[in-house]
Amino acid sequence: MKWRLRHLALLVVLIISVALAFVFWASAQEKVLRIGVYAGSSWDVPNSRENKVLDSLIKKFEKTHPHVKVVYESGIPKDDYADWLAEQVLKGEQPDLFMVPENDFSMLASTGALKSLDTLLTDDERKAFYPVAYEAGQYQGVSYALPVESNPIMMCVNKDLLEKEGISIPESGWTLADFYEICKKVTKDTNGDGVVDQYGITDYTWQQALVAYGGHLTDKSGINVDSSEMHQALAFMSKLDMLSQHYKVTSNDFDEGRVAFYPMSLAQYRTYKPYPYHVAKYSSFSWTCIPMPTANSQVMGTQVKTSLFAMSSNSKQEKLAWEFMLLLSQDKESQQALFEKSQGTSVLPSVVKSQQAREILQADDFGLDSLTSERLDHMMNRSIIDISLEVDRHTMDRMDYLIQNAMQNQEIDSALPSIQREIESGK
């Protein structure tokens with residue numbers, strides 16, 4: 001009996017040893033974490049450094065996870081990325097985590113391609129983000145993606161031109177009425193030849209005017225082009241157009257110091273910094289950036305686009321994918337590196353308000369107060385998701401074409417109901 005018990009005990013020990021050895025062997029095997037990214041900037045501006053940040057983050061991650069290999073397919077152009085990802089999804093070969101194509105987030109979330117992150121996110125992690133950045137990764141109240149970088153639209157101002165005309169730089173909270181009066185005052189013939197050669201604004205869009213009135217492209221019933229806010233916005237655009245006598249004011253006019261205002265994304269603004277020919281172009285006048293004007297102080301007029309990372313609902317590496325997502329979006333060191341090397345802004349207020357961010361913004365060539373971290377933080381806290389993302393790209397392009405025609409033909413009020421019907425019919 002003792003002999004049998006001894007052998008049984010040895011057998012149990014052997015089985016446990018083999019099992020532990022197998023577990024150790026299995027855990028020691030290299031795991032692969034696949035990432036989907038496109039090459040270059042999320043904001044359609046020149047940038048060769050963004051993937052360098054990703055490469056350094058991968059090295060950092062692999063160092064703390066010695067049996068993990070992080071891989072991604074490099075060189076996919078942004079314009080081809082959505083089709084590439086769609087093909088991967090159809091094959092069931094999508095990466096474990098991936099950048100979300102700008103206009104495909106709702107579609108990917110609604111079709112079950114993305115894993116819900118609600119059970120993974122803590123309250124502290126949610127609160128660490130700017131609200132507008134966090135909300136960009138939500139679909140029908142559920143979090144399906146984490147924000148990595150944001151890009152707000154600001155109003156850039158030719159300070160010298162306003163000072164020459166005796167006009168103070170507008171403060172945060174300035175209104176459309178203020179905006180129009182300044183444009184009216186600066187639009188003039190400056191050399192006495194009878195031709196207007198100084199203007200108020202260039203590249204101001206009807207979408208920006210719509211947001212300034214608190215409007216959207218959709219409501220609970222669907223697309224809503226024929227709204228009171230749209231009528232107000234297009235009427236305001238017509239008033240601005242009348243000031244310039246229908247002359248098409250361009251960004252070149254702004255470059256030459258002949259335009260007071262120019263709406264510009266943060267990425268556009270920051271792209272000028274590394275290129276000497278851009279710096280030279282702007283050396284003739286000083287400028288600053290302020291929030292966009294709105295109809296009243298209750299309206300949030302800063303539109304923001306945010307690049308997102310999501311996890312595949314089919315990922316077998318959920319834990320690793322989640323840890324890497326947090327490294328991208330929540331780690332302050334990573335976010336600081338992105339803020340420095342890329343052209344957008346961090347999705348974390350703690351990074352934007354940091355001394356390092358302040359120094360990065362002050363290091364540009366447009367003057368110490370062109371854009372401060374305090375002003376950028378204020379904009380991000382009073383902002384909304386870019387309304388162009390409320391509809392698909394085809395619908396947005398069609399809507400823009402029809403509205404531009406209506407403005408050109410001065411048929412706004414009569415044309416909007418027919419544009420509404422045409423967009424609804426999908427023609």
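The figures that follow rest on heavy atoms only: side chains count, while hydrogens, waters and symmetry mates do not.
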Asks: With a 4.5 Å cut-off on side-chain heavy atoms, are L210 and L217 touching?
Replies: yes
Asks: Decide whether S286 and D160 meet the rule of one side-chain donor and one side-chain acceptor closer than 3.5 Å.
Replies: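 Yes, because at least one side-chain N or O of S286 sits under 3.5 Å from a partner of the opposite role on D160.
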Asks: So that I can tick it off, tell me whether R126 and D123 are bridged by a salt bridge, with the cut-off set at under 4.0 angstrom between side-chain N and carboxylate O.
Replies: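 A salt bridge is present here (some side-chain N lies under 4.0 Å from a carboxylate O).
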Asks: Using every non-hydrogen atom in the two residues, find where G214 and E229 come nearest and quote the distance to one decimal.
Replies: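 Heavy atoms only, the tightest pair is C-CG, 4.3 Å.
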Asks: Hey, are T288 and R375 close enough side-chain-wise for a donor-acceptor pair under 3.5 Å?
Replies: yes
Asks: Are any of the side-chain heavy atoms of P170 and D178 separated by less than 4.5 Å?
Replies: no
Asks: Regarding S221 and D219, do their side chains bring together a donor and an acceptor under 3.5 Å, going by distance alone?
Replies: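 On atom types as modelled, these side chains qualify, holding a pair under 3.5 Å.
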Asks: Is any NZ, NE, NH1 or NH2 atom of the basic residue among R34 and E73 found under 4.0 Å from an Asp or Glu carboxylate oxygen of the other?
Replies: no
Asks: Strictly below 4.0 Å, N to O, side chains only: are E374 and R358 in salt-bridge contact?
Replies: yes
Asks: Minimum heavy-atom separation for W43 to K78, with atom names?
Replies: N-NZ, 4.5 Å
Asks: Does a donor on one side chain and an acceptor on the other come within less than 3.5 Å for D253 and T250?
Replies: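 Yes, a side-chain donor-acceptor pair sits under 3.5 Å.
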Asks: Quick one: do the Q336 and S354 side chains pair a donor with an acceptor below 3.5 Å?
Replies: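 The answer is yes; a qualifying pair exists.
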Asks: Check this for me, if you would: do E165 and K185 make a salt bridge, where the nitrogen-to-carboxylate-oxygen distance has to be below 4.0 angstrom?
Replies: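 So E165 does not pair with K185 through a salt bridge.
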Asks: Would you say the side chain of I403 lies within less than 4.5 Å of the side chain of I419, judging by non-hydrogen atoms?
Replies: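 SC-SC contact between I419 and I403 confirmed.
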Asks: Are side-chain heavy atoms of L266 and Q343 found at a separation under 4.5 Å?
Replies: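 SC-SC contact between L266 and Q343 ruled out.
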Asks: Are the aromatic ring centres of W287 and Y269 under 6.0 angstrom apart?
Replies: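 Between Y269 and W287, which both carry aromatic rings, the centre distance is below 6.0 Å.
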Asks: Using side-chain heavy atoms (C-beta onward) and a distance below 4.5 Å, is S168 in contact with L162?
Replies: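 They are not in contact (no side-chain heavy atoms under 4.5 Å apart), so the answer is no.
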Asks: Would you say that I360 contacts F339 through its side chain, given a criterion of any heavy-atom pair below 4.5 Å between the two side chains?
Replies: yes
Asks: When you look at L416 and Q420, which way does the side chain to side chain contact (heavy atoms under 4.5 Å, CB included) test go after all the steps?
Replies: CA-CA 6 Å; L416 282 178; Q420 174 75 35; over 6 Å; no
Asks: Counting C-beta onward and ignoring hydrogens, is there a side-chain heavy-atom pair between M292 and Y204 closer than 4.5 Å?
Replies: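 The answer is yes, as the side chains (C-beta and beyond) meet within the 4.5 Å cut-off.
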Asks: Under a 4.0 Å threshold between the charged nitrogen and the carboxylate oxygen, would K91 count as salt-bridged to E87?
Replies: yes
Asks: Test ring pair (Phe, Tyr, Trp, His ring centres under 6.0 Å) on F179 and F261 and set out the steps.
Replies: CA-CA 9 Å; F179 175 40; F261 300 115; 5.5 Å; yes
Asks: Using 4.0 Å as the upper bound for N to carboxylate O, is an ion pair formed by K60 and D331?
Replies: yes
Asks: Could you walk me through whether H231 and D226 satisfy the side chain to side chain contact (heavy atoms under 4.5 Å, CB included) test, starting with their C-alpha distance in whole Å, then the side-chain angles of each, then the deciding distance to 0.1 Å, before giving a yes or no?
Replies: CA-CA 7 Å; H231 282 267; D226 190 21; 2.6 Å; yes
Asks: Checking side chain to side chain contact (heavy atoms under 4.5 Å, CB included) for the pair M325/M311: CA distance, chi angles, key distance, verdict?
Replies: CA-CA 8 Å; M325 288 174 77; M311 189 189 307; 4.0 Å; yes
Asks: Do the rings of F324 and F61 sit parallel, tilted or perpendicular, given the 30° and 60° boundaries?
Replies: perpendicular
Asks: Are any side-chain N or O atoms of E125 and backbone N or O atoms of T122, one a donor and one an acceptor, separated by less than 3.5 Å?
Replies: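 Checking the backbone N and O of T122 against the side chain of E125, a donor-acceptor pair under 3.5 Å is found.
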Asks: Distance alone, cut at 3.5 Å: any donor-acceptor contact between the side chains of D392 and N103?
Replies: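 Result is no, nothing qualifies.
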